[in-house]
Amino acid sequence: MRTDYFATPVYKFDIVYDNDKLENWIRGINKNVSKNIHGGFQSFEKETMEYQLPYNFADLESMLQEKINIVTKDLDIGDCRLQNYWGNVNPQGSCNDTHNHPNALLVANYYVSAPGSDMGDLIVHRDDEAQYYVSQIAKRNNITERQINITPYTGLFVVFPGWVKHSVNTNLNSKDRISISLNYGRIKNEN
């Protein structure tokens, strides 16, 4: 009998939402933020570090939470709720280094605007020494693959564990890639 241990689950959902107001809000909260070292704008330590999206996006927060509930039920990890989030504006030439999200059980990214195929793939990295063993295997599968490339598009919602290392390739498109990154954590049981 086969059992796969230490799996890296990655969930992708399509969200249908009117993103125009959301894009304007993200651009607004990033207008006074300096570019990071990789050419993008992230609204860290701004008014976005609250537990809820602004009231006019409560319907989006609810839609995203429904998808998180699907993930937590599938993984049997109990309830998770939004811990914090930030808006990202990634113009042409910007990228994100390999990182993970300490203290977040689940991380997610919702693509508000990604109108091209060359906007910078989200790369989910394998975190072991497999490259020394699987590099000669011609036909890859979900056991032998060394990374997962996810091409963003408007309305894509991606969820995976917070400990998983990931990065974002360079945006080669002349349009900005705009997204919201979200951290979800377990709810403390008051019993």
Side-chain angles (χ1 to χ4, degrees), residues 10-68 71 80-101 104 106-125 147-162 164-184:
V10 177
Y11 296 82
K12 297 189 287 185
F13 302 97
D14 289 335
I15 304 291
V16 177
Y17 190 74
D18 179 4
N19 288 317
D20 291 339
K21 284 198 294 189
L22 187 57
E23 180 178 338
N24 289 335
W25 175 73
I26 292 170
R27 287 185 183 282
I29 63 173
N30 278 292
K31 68 181 175 191
N32 295 321
V33 175
S34 299
K35 275 187 180 180
N36 63 31
I37 60 170
H38 300 295
F41 300 89
Q42 296 172 311
S43 61
F44 292 122
E45 299 172 10
K46 300 288 284 178
E47 63 271 20
T48 60
M49 298 304 282
E50 298 174 8
Y51 296 106
Q52 299 178 36
L53 291 169
Y55 70 92
N56 50 339
F57 302 118
D59 53 344
L60 174 63
E61 184 177 353
S62 177
M63 283 189 267
L64 300 181
Q65 185 64 52
E66 285 177 16
K67 303 306 182 193
I68 292 297
V71 171
C80 285
R81 293 286 182 253
L82 183 62
Q83 292 176 317
N84 57 15
Y85 63 93
W86 54 97
N88 305 296
V89 178
N90 293 95
Q92 185 176 32
S94 62
C95 62
N96 295 92
D97 280 342
T98 302
H99 65 285
N100 62 3
H101 294 215
L106 297 173
V107 299
N109 206 56
Y110 173 65
Y111 291 93
V112 176
S113 180
S117 62
D118 55 353
M119 305 214 65
D121 284 359
L122 170 65
I123 309 299
V124 178
H125 299 275
Q147 68 182 35
I148 302 164
N149 291 40
I150 300 170
T151 301
Y153 55 87
T154 301
L156 175 64
F157 184 54
V158 180
V159 182
F160 50 89
V164 174
K165 298 221 184 254
H166 55 284
S167 60
V168 182
N169 285 344
T170 303
N171 179 3
L172 301 176
N173 197 294
S174 62
K175 296 181 180 176
D176 295 343
R177 182 184 66 243
I178 300 173
S179 64
I180 299 176
S181 294
L182 309 101
N183 288 330
Y184 289 86

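Below, all heavy atoms of this structure are taken into account, side chains as well, without hydrogens, waters or symmetry copies. Bear in mind that the values here come from a model prediction, so they are computed numbers and not experimental data.
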Interatomic distance, I178 atom CD1 to I26 atom CD1 [nearest 0.5 angstrom]: 6.5 Å

Are the side chain of T154 and the backbone of A114 linked by a donor-acceptor contact shorter than 3.5 Å? yes

If the condition is salt bridge (charged side-chain N to carboxylate O under 4.0 Å, His left out), which residues does R27 pass it with, not counting sequence neighbours? E23, D176

Heavy-atom side-chain proximity of I150 to V124 below 4.5 angstrom: yes

Distance, nearest 0.5 Å, that separates CG of N24 from CD1 of I29: 12.0 Å

Nearest heavy-atom approach of L82 to Y184 is N-CD2, 3.4 Å

We want to know whether S179 and N88 form a side-chain donor-acceptor pair, criterion being a heavy-atom distance below 3.5 angstrom. yes

Rounding to 0.5 Å, atoms CG (N96) and CD1 (I123) come to a distance of 11.5 Å

Not counting sequence neighbours, which residues clear side chain to side chain contact (heavy atoms under 4.5 Å, CB included) with K175? List them please. P115, M119, N173

For the residue pair A104 and V107, what are the closest heavy atoms and their distance? CB-CG1, 4.0 Å

Nearest 0.5 angstrom please: Y110 OH to M63 CE, how far? 7.0 Å

L106 side, atom CG; R81 side, atom CZ - distance, nearest 0.5 Å: 12.0 Å

Qualifying residues under side chain to side chain contact (heavy atoms under 4.5 Å, CB included), relative to T98, sequence neighbours excluded: H125, K165, S167

Under 4.5 Å between any side-chain heavy atoms of V164 and N100, yes or no? no

Do the side chains of F157 and L182 get nearer than 4.5 Å, heavy atoms only? yes

Below 4.5 Å, heavy atoms only, C-beta onward: do F57 and L22 meet side chain to side chain? yes

Any side-chain heavy-atom pair from V158 and L156 closer than 4.5 angstrom? yes

With a 4.5 Å heavy-atom cut-off, do Y111 and L122 have their side chains touching? yes

Side chains of V89 and N30 in contact at under 4.5 Å (non-hydrogen atoms): yes

With H99 via ring-ring contact (aromatic ring centres under 6.0 Å, His included) - residues at least two apart: H101, H166

F41: ring-ring contact (aromatic ring centres under 6.0 Å, His included) partners, not counting sequence neighbours: none

Separation of H38 NE2 from N171 CG (nearest 0.5 Å): 14.5 Å

Taking Q92 for the side chain and L172 for the main chain, is one N or O donor matched with an acceptor at less than 3.5 Å? yes

Under 4.5 Å between any side-chain heavy atoms of N183 and Y85, yes or no? no

Quick check: closest heavy atoms across G120 and V168, and the distance to 0.1 Å? O-CG1, 3.8 Å

In chain order, what residues pass the side chain to side chain contact (heavy atoms under 4.5 Å, CB included) check against Y11, with sequence neighbours excluded? P9, F13, V71, D74, L75, V159

Would you please test N109 and S181 for side chain to side chain donor-acceptor pair (under 3.5 Å) and show each step? CA-CA 4 Å; N109 206 56; S181 294; 2.7 Å; yes

